[in-house]
Structures are given as C-alpha cells and as structure tokens.
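One structure below.
Each chain gets a letter, A, B and so on, in the order the sequences are listed, and its residues count up from 1.
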Amino acid sequence: MKQDIPKAYEPGVVEDDIYQTWEQSGFFNPDNLPGKRTDAFSITMPPPNATGVLHIGHAVMLAIQDLVIRFARMRGKKALWLPGTDHAAIATQSKVESLLKEQEHKTKHDLGREQFLQRVEAYVAQSRNTIKNQVKKMGSSCDWSRERFTLDADVSLAVNEAFKQMYEDDLIYRGHRIVNWDPQLQTTVSDDELEYLDQRSPFYYFQYGPFEIGTARPETKFGDKYVVMHPDDTRYQGYAHGQQLELEWINGTITATVIKDKAVDMEFGTGVMTITPWHDATDFEIAERHHLDKEQIIGFDGKLLPIAREFAGESIFEARVKIVEKLKQKGLVTRIDNDYSHRVAINSRGEGVIEPQIKEQWFVSVNTPVKKFGGKTLRERSLEVVKQGDITILPGRFEKIYFHWLENLRDWCISRQIWYGHRIPVYYREKQMHVGGELPKGDGWEQDPDTLDTWFSSGLWTFSTLGWPQKTQDLKTFHPTNLMETGYDIIFFWVARMIIMSTYLLEAVPFKTVYLHGLVRDEQGKKMSKSLGNSIDPLDTIKSYGADATRLSLLIGSTPGNDMNMSEAKVAGYRNFVNKLWNISRYILMNVAEVKLVEKQPKPKTLADAWILSELNILIEAATNNIEKYNLSVVGEKVYEFTWNKLADWYVEIAKIEKDKDAILLYILQTLLKLWHPYTPFVTEEIWKKLGTAELLMIQPWPEIQGKVDVKAQRDFALVQDLIVGVRNIRAQAKIPPAQKLDALVIAPKKAKLIEEQAAVISALARLNQLKVAASGAKPKESLSVIAAETQLYLPVSGMMDIAAEVARLEKEAVRVEQFVQHLAAKLENQRFLERAPKDIVDNEKVKLIEHQDLLEKIKQQLASLQ
RNA sequence: GGGCGUAUAGCUCAGUUGGUUAGAGCGUUACAUUGACAUUGUAAAGGUCCGUGGUUCGAGUCCACGUACGCCCACCA
C-alpha cells in the first residue's frame, strides 16, 4: 500500500496532536504502562517558577530529562517523571507588588496580608498554566496526574512536619544573628541570593584617639567604642587588650576599649579598625568572641536611629556626606582615598542594597550532633553520602566543589520577612511557644509572621511530592529517585539542601545520580540576556524549526557541567537533519512492496546487508551503554552519523542498485526510530504511525542486539567504499558522469570472492588504460570478463593521469602504513613495553600489527596491479 | 585571599584509566546534482593540540612551572 507522504516534515502541523495522543494514552503515568514492570525509574522535575515563562534553561533541562525518562520507559521500567511548579516566594511577591504599584498605585500594606496574598494567589493561578503548556511544547512526557505545586496542602503539611521534627531534635533554633537585610523589600536574604557590584567610592581615614582608622562607611561609626588590632602587630604593642582610652569622636568625648583579635589584617590600612557589630558580620563575630556590646545604628528602614543625634532619621547616603563634613570641622579627617574600589552586596531577587542587621531568626543547625546519625551532624552526614558513593555527581569535579562548600557550611537562616510562602509553623501566646502546623487550642495564639526560605520546602521536594510524611506506595516505589537533573548554578541552593533534608528526615539519599547541565550561552559564548538581545527563545525555535530540532541542538554538543553555545543556525542545522530522517523514511515507505513491522533482524544476503546490520548492532550497544552512563551527546552524534553517513549515504543508495532489501530497510528504519525516539520524540512518533501499527512508539521496547557483528564484512565494506569513492574521484576529475553500473559491479559482484573481484576492477581499470594509451586498439588478450566490458564504457584515455594520482596516493599510503608497521614491530620487541604495558594493550598492539601488515600487503597488490 | 576549571582547524567543540598516522559540525573552495532531500552528494584545503620543562618504550592525554581567560567561595574594615 503506497502512502502519500509530504515531501517535507512540518512539525507545526503535527506536534500538538502527537502530544495529545501521548497524554490521552495515559502512558505518562507509570501505573498505566503495559506489561509487568518491576524496576522503577523516577525523576523529579526541578519545578519552574509558577509565574515564569519557558526560557532556554528550562528547555535544556526538559530535553535531558525527557530523553532519560523515555529511554527508561522503553527499557521496560516503571518510569515516573514528576512535574511541578514553584511558588518562588520573593520573585513572585515582588512581581505582584510592582504590578500593584503600576496599576493601582498601592503597596501591599494598603491591602493587608490577607488581601495581598489573595492577589498573589490569583496571579499565580492565572500564570501557572502558561508555563505548564510551554513545558508540553517541548514534548515532555511527565505524569501530569501527579503534578505538584510547592504550596499544595500536602506539600505544606510535609514542610510543617519537617520543621517540627527538626525542632524537636534541636536542629532548628531561634537566635540573634547578623542577617542580610534588604531595606527595600523589608526581608532577609540568604547568602546565596546575594549579588555583588563593584563600586568605586571614597575611603576615609579618621583620627580616632591615637589611632588612624579607615572606613568606607562613616555613617556606621557613631557607636564605635571598640578599637581592634592584631595581637602580633608590633606597631601597637604599647596598647593592652582591654585598655581604655578617652577620645574625641563624632558627638563628643567617648571611652574606647582596645581589643586584640586575629581577625584584623595587619597589612590592610593602618592595621587598626573600629567595629560596628550590629551592621557587619566580621565585627559581629569579633564582638561575640569578646562579649562586647552591640548597638543598632541603622533602622530596618535604612535610616539612622536616635544614636546619631542630629543625623537621626536621615538615610545613610545623605548622612555620610554630612558626617564627613562634621569630622573635617573637628579636624579628625586625616586623608581621603578617592580611588577605593570595593563590593556592594545587593539582593539578586530584587534590587535593594543589603544592610547587615541583627535580627531574631530561625536557623537550621548544621553542626549539632544527631542521634540517628550516631552523633554525626547534618553537615557531616551530607558529606558522607557523597563520599561513600551513595550519590554520584556528574561531572565528578563538582563533587570537590560540593565537599568544599559543605566543609565550610554555617547554620542556615530559614526565616524570611515576606508574606508569600510557607508561614513558619510556630505560634506564640505571651511567653508560650507552640511548634507545629496546627493552631493550638485556646485564644490569643499568634502565628509567627515570617515565612520559610523557599529552599527549605524545595529541600523536601523529592519526597514531599510523593506523599511524605504518609507512607505512601509512591514513596516506597519511587524514592530515592534515580536522577536529579539541574543546572550547576544551584548545586548549593538546592542539591545540597535536598541531600541534607532527605538524609535526615528519611534516612535515605534523595537521588542516586546528580546530572548538572551547564549554562546555555550565545554563539560567542556570552551569557544570554534580554538587554543584550542575544537570547534565544525556545518557543520561537519550536515554532520555526520544531521541538525535535530544538531538543537536538540542546542535547548534542553538550556535556555535563560545561556551558554550551546555542545559535539559531545550530537549530536550523538540526531541522535539516530531522527533515533528512523524514525523507529517508519517506523513501523507504514509498519503495517497499509492503509496509509492515519487522521485529526480527532479517538474514543478510549481501556484503552491504552484513555491513549495515553489523553497524546497527554496534550502534544499539553503544547507544544503550552510553545513555545509561549519561553520555547523552555521544549517543546523539553516533546515531546521527549512522543515519546520515551510513544509512542514507550508503545503504539506501546501494538499495537502489541491489534489490530485495525491503525487510532489512524496514527493520533498520524501525530500530532507528526507536533509537531516535528519546531525542526526537515527535518526528519518530509521526513516522511510526505510517508503519501500519496502532501502537505508540513511546512504549515500544528498546532495541536489542540481534545477530553477530560481522567484523570481516565491516572491513570488506570499507574497501568497497574506498574503491567506489576512488573511481568516482577519478571520473570526477576527468569530468565523466558517475557510473551506477560500475558502482553496482563493485557493490554486488556476482562471485563470492569479493576482495578479489575488487582487485579485478582496479586491475581492469589499469589494464584498459594501458591498452588505450598504447592506442593500438588491440583487444585485451586475457579475459577481463564482464568487468572489463563494463568499465570500458566509462574509462577515458585521460584517466591515465588519474591513475598516476591514484598510484601516488597509494604509495604515500604505503609509506605511512609501513612506517606504522615498523613502529609497531619495534614496540613489540621492546622488552620494557612487553614487561610494563598491560597485557591487553600488548595483545591489542599485536592484533594491530597483523592487521596493518595485511593492509600493507593489499596496498602493495593494488599498486602492482596499477603499474 | 581560597577553591574549581578552560586553552585542540577560520568558528563552535569532541577526543573515553597514556597506545593507530589528532577528529566532527559549521564556514571556505572545487566538482556533481532537480533526485526520497528547494533542507542533496563527493572531495579538498585548513593544526607548533597555549608555552617551557619533566615522567614514560610512547604524551593532545599524566606531573611541575609559566601565560591568558572563565567560574565559584570568602569576615579586608
């Protein structure tokens, strides 16, 4: 039955329909998969922000995870890819705040907590579907029936339970600490969410009693009554720790105390500094060490407090200038360095300049011994599971980075002063405190106004999505998950936190393998950004080139941990390939007598058959092994190479000459569609439909090797290729049209002794030339048989020149091969090599020697026949 | 300041515990081509594998130092 198949593949026409078919089949849900499936394979999708739009970073994550999960599904696993969205507390809240300001000129305080949160929820509900539909555009085969949102009731329950358990185990405590305070968003910001801007600003030197101190922040100096120096600093040996000095300062005479502490850098400035413990983390630590007073200078609104007297109520930037002026008048300014550059911390989620402040916050203690870890701490346990190999991080070098980070990890501040998010499950009534998710009985209980750091709930994501703390069947089946695939930029934010939470709460790792993909950059390797105008929108490329081409361009040429460059030209290139695959299929389907499924590998009848089937088997094995090892790019390249350079360029061409290849062509096509499916699900599924089966490709079993790899066929076919290409070149140089008959002769000699036949072709070419050059017109005396008769038709006199070129090429080749043979022979006589090199390498070299001696012999024969 | 990387063709990058005579895609050039392919084919040109030493029978691969670039972390007031 001949089918009418369009000449070009049009992704835009078919992709949405195919996705719908997949979704309706129910096979995204592992419970519906056919057959008996005992092994589970699960991936939890890193949840995109609910209010976001799909960007290229999501696209790469979806492409990789979909590939892996489709592979697992085809290999007969109970494959679950659990999708979700994240509430992204700070980002979402500030987005809604700015909308409110723009549209209604209101702040969140005008609405109040309850109303404002309703607005946020409405906004989230409306934009959540957008990203969900965009995820589908990529072809993501995730189980939407298990989709979770980080603020879902059951997920929140897990969050409260985790908090409670950790509190009861003394792993969560409340304390005063320096936090990064964002006066603009009125919230604390975690260390990981800080960004630094290089700034050039004046650096002032002031006279502070007998000392000269330097600062870039004069406005914090009101309360400075401790002067600190290094205990080993010989310049200040005359001053003793604890010594008190009377001195003139901004607002009159004060008493300063000398503190000796090793935190001071003797090389920096004058080696003396005053400290402001309330607004500087280093100073805070010094103050803690020596039990010094801490005074707040700057309010949470970023304005100076009454301690600043006449400057009270002014912003730090206004006050800075005035204070310097006042000190100048008092003659206390010794010099000003206008060329001082330092870094200013800002909130990466907003724009506020960070002001360190002391606040009462909730913390997770990473250094408290945990009973169930036999006294190990959360930090130590998290290090251990990776060191022991319970978790593998790809690429390996990130394990080092992970260790380094954990070894230096400090307590984790988990409270945030924003409204949107998981509210801290703690209730207060006068001096009573109740920890737990439910409002305690009785009147007058107030819940803590703060919310939890997003990463606290994200840390539970692999199991809160599976029903924990309930002991669900899903949790039992799918946890620990098999793969966590995410960008290397959030290894600390998220990956480490998941390991901490899961090892503690479940006493199990959250995942067995971590695959960290790189950043997607533009073709010059620059970061993509809207302002540069160099970003590629995956939704655009899907529209113009198709989801399959978009996926390929993200999958091939990308290795874990390394950034990859992306350009529209690259996507266009893969669109060409997808179209090539389409046309190969089109040709096969239109030219076979009967389209049908061929499950068993047909018997090879000719050299070309044996060769292509061997190549296919090699490909199947390489693809399977490498996907299992997450060498995803390599597999794409190999299958690509097979499809284009082996199947299309050679085997399909040969099939035009040799007949009776329907079964093999169909078998190869089917196998290839399966191999491609995890990479390019849409086009393969579309072609599969035309094979006359009602079953979906997505649940077909992954191909297995059938039959043996015929090494001899591979070697012989390589010679055939050389011969054909050589003859074509000769003809091309002599401007003679290609000869299909000649190709046919070489590809399918009538006799079995293939190589000899080829030699005969060569020798026939040479002989004919000689004869023609002789211009005698004499008939060849020896029987050149059919070969000569055929070649005669095409071979020109001028071909003699090309024979000379061929001889030159072969001679050159002979020299090179001979050199190599000598090299190998010498090596095999080298005692040290024989003693020291591993046995398999020695054997390998012996085999190579024989092979190359053989090859040299053949080249010599060819040469002889030409001369 | 501490840590982790990268340097291979004009461009983007592979190169698997050291073992052929270093590869691919794109681009360039030549030739062929209207075909299953307006998205095709065959080939060619193009390399000091950043530099200098070292280990080894053998180094793009391992080591040391240097140079250039990138990223992450950090308490220099």
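- Here side-chain hydrogen bond (donor to acceptor under 3.5 Å, both in side chains) pairs that include residues 570-583 of chain A, with residues two or more places apart or in two chains, number zero.
- For A/Arg410 and B/rC75, the shortest distance from a side-chain N or O to OP1 or OP2 is below 4.0 Å.
- Here A/Gln207 pairs with A/Leu332, A/Thr334 under the side chain to side chain contact (heavy atoms under 4.5 Å, CB included) rule; sequence neighbours left out.
- Cation-pi geometry between A/Lys656 and A/Tyr587 is met: under 6.0 angstrom from the ring centre, within 45 degrees of the axis.
- Applying the salt bridge (Lys or Arg N to Asp or Glu O under 4.0 Å) definition to pairs two or more places apart or across chains, those involving residues 270-287 of chain A are A/Glu285-A/Arg410.
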Quiz: residues 549-557 of chain A side-chain donor-acceptor pairs under 3.5 angstrom, not counting sequence neighbours:
from	atom 1	to	atom 2	distance (Å)
A/Thr550	OG1	A/Thr541	OG1	3.0
A/Thr550	OG1	A/Gly546	O	2.9
A/Arg551	NE	A/Tyr679	O	3.0
A/Arg551	NH1	A/Asp66	OD2	2.8
A/Arg551	NH1	A/Met138	O	2.9
A/Arg551	NH2	A/Asp66	OD2	2.9
A/Arg551	NH2	A/Pro678	O	2.8
A/Ser553	OG	A/Ala549	O	3.2
A/Ser553	OG	A/Thr550	O	2.8

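- On a pure distance criterion of 3.5 Å, a polar donor-acceptor pair joins the side chain of A/Lys656 and the base of B/rA36.
- For A/Trp278, the ring pair (Phe, Tyr, Trp, His ring centres under 6.0 Å) test picks out no residue, with sequence neighbours left out.
- For residues 621-638 of chain A, the salt bridge (Lys or Arg N to Asp or Glu O under 4.0 Å) pairs, not counting sequence neighbours, are A/Arg75-A/Glu628.
- With hydrogens and angles ignored, no donor-acceptor pair under 3.5 angstrom links the side chain of A/Lys7 to the base of B/rC37.
- Of all nucleotides listed (B/rG41, B/rC37, B/rA14), B/rA14 comes nearest to the side chain of A/Glu637.
- Rounded to whole angstrom, the span from the OH atom of A/Tyr574 across to the C1' atom of B/rA24 amounts to 10 Å.
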Dot-bracket notation for RNA chain B, counting Watson-Crick and G-U pairs under 3.5 Å, with | for partners on another strand: (((((((..((((.....[...)))).(((((.......))))).....(((((..]....))))))))))))....
Listed pairs, N/O of protein and of nucleotides 2-9 of chain B, under 3.5 Å:
from	atom 1	to	atom 2	distance (Å)
B/rG5	OP1	A/Lys400	NZ	2.7

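- When distances are taken from the side chain of A/Asp649 to each of B/rG41, B/rA38, B/rA36, the shortest belongs to B/rG41.
- Take A/Ser382 and apply the side chain to side chain contact (heavy atoms under 4.5 Å, CB included) test, not counting sequence neighbours, and it matches A/Tyr402, A/Leu406, A/Ile499, A/Ile500, A/Thr503.
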